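Here's the structure, in structure tokens; my notes come after.
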Amino acid sequence: MILIGTHVNQASTTAFFVILEKKLKNVRHYYTVIAAHQGPAKTFPEQIITYYNDKTYTIRKRIYSQDRRPKKDVSARPTVVMAAGQKDLPLIDTLRTEDVPIEAVFLEQNPGREPERAGIGKNYAATEQMIYETLRGVHGQGRLAPFTDPAPGNPLFEQLEQMLVTPDQKAPLLLAAAVPIWFRENVKHRSAYRTSSTSIRNYR
């Protein structure tokens, strides 16, 4: 599974993108950062659409029937998770209109909503502290693998490595890396297909 974490820093008008690969091992999620980028906030929708449609980040996975129909392989596009604020609502609505299912995690001081079902682009609520605590927990358990830098010399990778040693809870780059991990660790999701070999339904 490919996760794309993103955050728009309104103060610097810069968008940050961190792409992770998630694998399941011994019933636990393991993560590897495979790419990190930044760009101007004004081109954020175009950049997300490009990542979402990039075949590099589309994987094949096996879906099993619950009514004894034959198993089948389907293409799975990346899951886009955004650490968002109220000012980001227009961006989120624009992307969802373009059929990009943004999973938006709104940063709130006192989140009172339970996580919603994933899969079609929902809104969630969490504090930054909750998100960073999840990141530190996963990292401390050895489930965040050493970075695989596909473009040696990328300064964003070096920054991420340093931030994990001494986490800065106000770093937008680290937030972009942390929010998809929080999402995958806290929002349960599985896919199955029933009654029709072409219909896939998402369940908790």
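Just so it is clear, the structure is predicted and the values come from calculations on it, not from any experiment.
- Proximity of a side-chain donor or acceptor of Thr13 to a complementary backbone N or O of Gln10 within less than 3.5 Å is not detected.
- Closest heavy-atom contact between Tyr52 and Pro101: OH-CD, 3.3 Å.
- Every side-chain hydrogen bond (donor to acceptor under 3.5 Å, both in side chains) that Arg77 has, sequence neighbours left out, goes to Asn53.
- In this structure the side chain of Ile19 never reaches within 4.5 angstrom of the side chain of Val33, judged on heavy atoms.
- When all heavy atoms of Trp182 and Met130 are compared, the pair lying nearest together is CD1-O, 3.8 Å.
- Looking only at distances, a side-chain donor or acceptor of Arg184 sits under 3.5 Å from a matching main-chain atom of Val187.
- A distance of 8.0 Å separates NE2 of His139 from CG of Leu135, quoted to the nearest 0.5 Å.
- Ring pair Phe44/Phe16: centre-to-centre distance not below 6.0 Å.
- A 4.5 Å side-chain heavy-atom check between Pro180 and Leu20 finds at least one atom pair inside the cut-off.
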task: Could you give me the CA-CA distance, side-chain angles and deciding distance for Tyr31 and Glu185, then say whether side-chain hydrogen bond (donor to acceptor under 3.5 Å, both in side chains) is met?
output: CA-CA 11 Å; Tyr31 307 87; Glu185 292 290 308; 2.7 Å; yes
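- Looking at Val80 and Leu3, their side chains never come closer than 4.5 Å, going by heavy atoms from C-beta outward.
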- request: Given side chain to side chain contact (heavy atoms under 4.5 Å, CB included), test Lys23 with Glu21 step by step and report yes or no.
  value: CA-CA 7 Å; Lys23 293 184 177 180; Glu21 182 179 21; 3.3 Å; yes
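- In this structure, the side chains of Glu108 and Thr127 stay at 4.5 Å or more apart for every pair of heavy atoms.
- Remark: the backbone N or O of Ala11 is paired with a side-chain donor or acceptor of Asn9 at under 3.5 angstrom.
- Of the inter-residue distances, the one linking His29 atom NE2 with Leu144 atom CG reads 14.0 Å to the nearest 0.5 angstrom.
- At distances below 3.5 Å, at least one donor-acceptor pair connects side-chain atoms of His7 with backbone N or O atoms of Ala83.
- The shortest side-chain heavy-atom distance between Val81 and Ile4 does not fall under the 4.5 Å cut-off.
- Annotation: side-chain hydrogen bond (donor to acceptor under 3.5 Å, both in side chains) contacts of Glu46 (sequence neighbours excluded): none.
- The backbone N or O of Lys122 lies less than 3.5 Å from a partner atom in the side chain of Arg96, making a donor-acceptor pair.
- The shortest distance between side-chain heavy atoms of Val18 and Leu173 falls below 4.5 Å.
- Partner of Ile2 under the side chain to side chain contact (heavy atoms under 4.5 Å, CB included) criterion, chosen from Thr58, Asp54, Thr56, Ile34: Ile34.
- Residue Thr14 comes nearest to Gln38 through the heavy atom pair CG2-CB, 4.1 Å, listed as atom of the first residue, atom of the second, then distance.
- The hydrophobic cluster containing Val138 does not contain Tyr30, counting ILVMFWY residues as joined when their side-chain heavy atoms lie under 4.5 angstrom apart, directly or transitively.
- Contact detail for Val179 and Gly5: the closest heavy-atom pair is CG1-CA, 4.4 Å.
- Every residue two or more places apart in sequence or in another chain that forms a side-chain contact (heavy atoms from CB on, under 4.5 Å) with Ala84 is listed here: Met82, Asp88, Ile92, Phe106.
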- request: Kindly determine whether Leu175 and Leu107 satisfy side chain to side chain contact (heavy atoms under 4.5 Å, CB included), including the steps that lead there.
  value: CA-CA 11 Å; Leu175 185 57; Leu107 307 177; 3.8 Å; yes
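- In this structure, the separation between CG on Asn186 and CD1 on Ile181 is 11.5 Å, given to the nearest 0.5 Å.
- Taking the six-membered ring for Trp and thresholds of 30 and 60 degrees, Tyr51 and His37 have nearly parallel ring planes, at less than 30 degrees apart.
- Under the 3.5 Å distance criterion, the side-chain polar atoms of Thr50 are left unmatched by any main-chain donor or acceptor of Ile48.
- Considering only heavy atoms from C-beta on, Arg28 comes within 4.5 Å of Gln141 through its side chain.
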